[in-house]
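Step one of this worksheet: look at the structure below.
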Amino acid sequence: MKIALHVGAHKTGSTFIQDALDAARPMLENRGVAYVPRAEFRSEVTRKVGPHQKRTPEQRAAKHAEGAAALAAMIDAASGADRLILSDENLIGNPNEMVRTRKLYPSAERRLAVLAPLLTGHEPEIFLAIRHHGQFARSLYGEALNVRLPRFIGPDEFRNGWEAGHPSWVPLVMSVLKNFPKARLTVWNFLDFKNDPTRFLNLLAGLERPLEFDTTDASRRPSLSHDATEALLEIGARDGIEAMLAARRSIVRKFPKGQGNWAYRMWSDAQEKAFQQLLRKDLKQISSIDDRVTLVS
């Protein structure tokens, strides 16, 4: 079976894509395309085949077997379709680990090595969206203010670690190609997706005649405002993670996005420019890797 595997990345419209695909399921099914909702796929597959270092080897093996069986059942249930779309950005990692390590998808290689054998015998095509490294980091950091990290990680610590790690999308792309050597990989820039999301939804659907997706109710998950982020960071540094989490909802209401209070300003103008140059470098390198990679612009 042809399987369109959308692996993210985070903060590149993944939830929007998943909501739009879910809303379009009847139309897609009429055109021979099946889609497993993200919530079901994540709970039954992603969470069970992930690394989960806190589990014993026996527990990991049992969960992996459950996830493998669930994925096989999903594929079998879609056997009447020409194409199956699977989408979960957590397949390659999560924001928490990236904030903790200050690295771009540090466990992607390990996760993909577990996932790839489960799709043996099928025809996977992988889809990945990337974006400006600094804006990606800022959005990740905002996401991490909503979870229980082992300890509070201040913005300076995160910024310094992120820059020192020299983030690049190329190793992630190479991990995909290594673990899926026969698969095609389609990559796009998040900015292009923002300008025309329907175009990329149709790429996932793989249809010759494009569909008109209704994206009215698709979630856009806006990031925190600058003032809200600053207020939460002050609470976190002073009172700890739990206090910050307890105050989040009221802080978000108190400091909504608006004129003069837009996204968190994590980087200087010079840093933003350097990250933009790095993105251009990554895109150029990705486009020239080999003929398995298609960079959509």
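The first residue in the sequence is number 1, and the count goes up from there. None of these values were measured; they are calculated from a predicted model.
- Residues Lys11 and Glu143 are paired through a salt bridge, judged by an N-O separation under 4.0 Å between the basic side chain and the carboxylate.
- A donor-acceptor distance shorter than 3.5 angstrom exists from the side chain of Asn94 to the backbone of Glu97, with no hydrogens or angles considered.
- With salt bridges taken as basic N to acidic carboxylate O contacts below 4.0 Å, none links Arg83 and Glu123.
- Taking a 6.0 Å sphere around CG of Asp290, one finds it holds more than 12 heavy atoms contributed by other residues, nucleotides or ligands.
- Without hydrogens or angle criteria, Ser225 side chain to Phe255 main chain gives a donor-acceptor distance under 3.5 Å.
- Counting heavy atoms of neighbouring residues, nucleotides and ligands inside a 6.0 Å radius, atom CD of Gln277 exceeds 12 of them.
- Between the side chain of Asn90 and the backbone N or O of Thr46 there is no donor-acceptor pair closer than 3.5 Å.
- Note on Arg148 versus Glu242: salt bridge recorded, some NZ/NE/NH1/NH2 to OD/OE distance being below 4.0 Å.
- For Phe193 and Phe16, the gap between ring centers is short of 6.0 Å.
- Side-chain N or O atoms of Asn202 include one that pairs as donor or acceptor with a backbone N or O of Leu211 at under 3.5 Å.
- The salt bridge (charged side-chain N to carboxylate O under 4.0 Å, His left out) test applied to Asp227 returns no partner, not counting sequence neighbours.
- For residues 202-236, the ring-ring contact (aromatic ring centres under 6.0 Å, His included) pairs, not counting sequence neighbours, are His226-Tyr264.
- Residues that satisfy the ring-ring contact (aromatic ring centres under 6.0 Å, His included) test with Phe152, not counting sequence neighbours, are absent from this structure.
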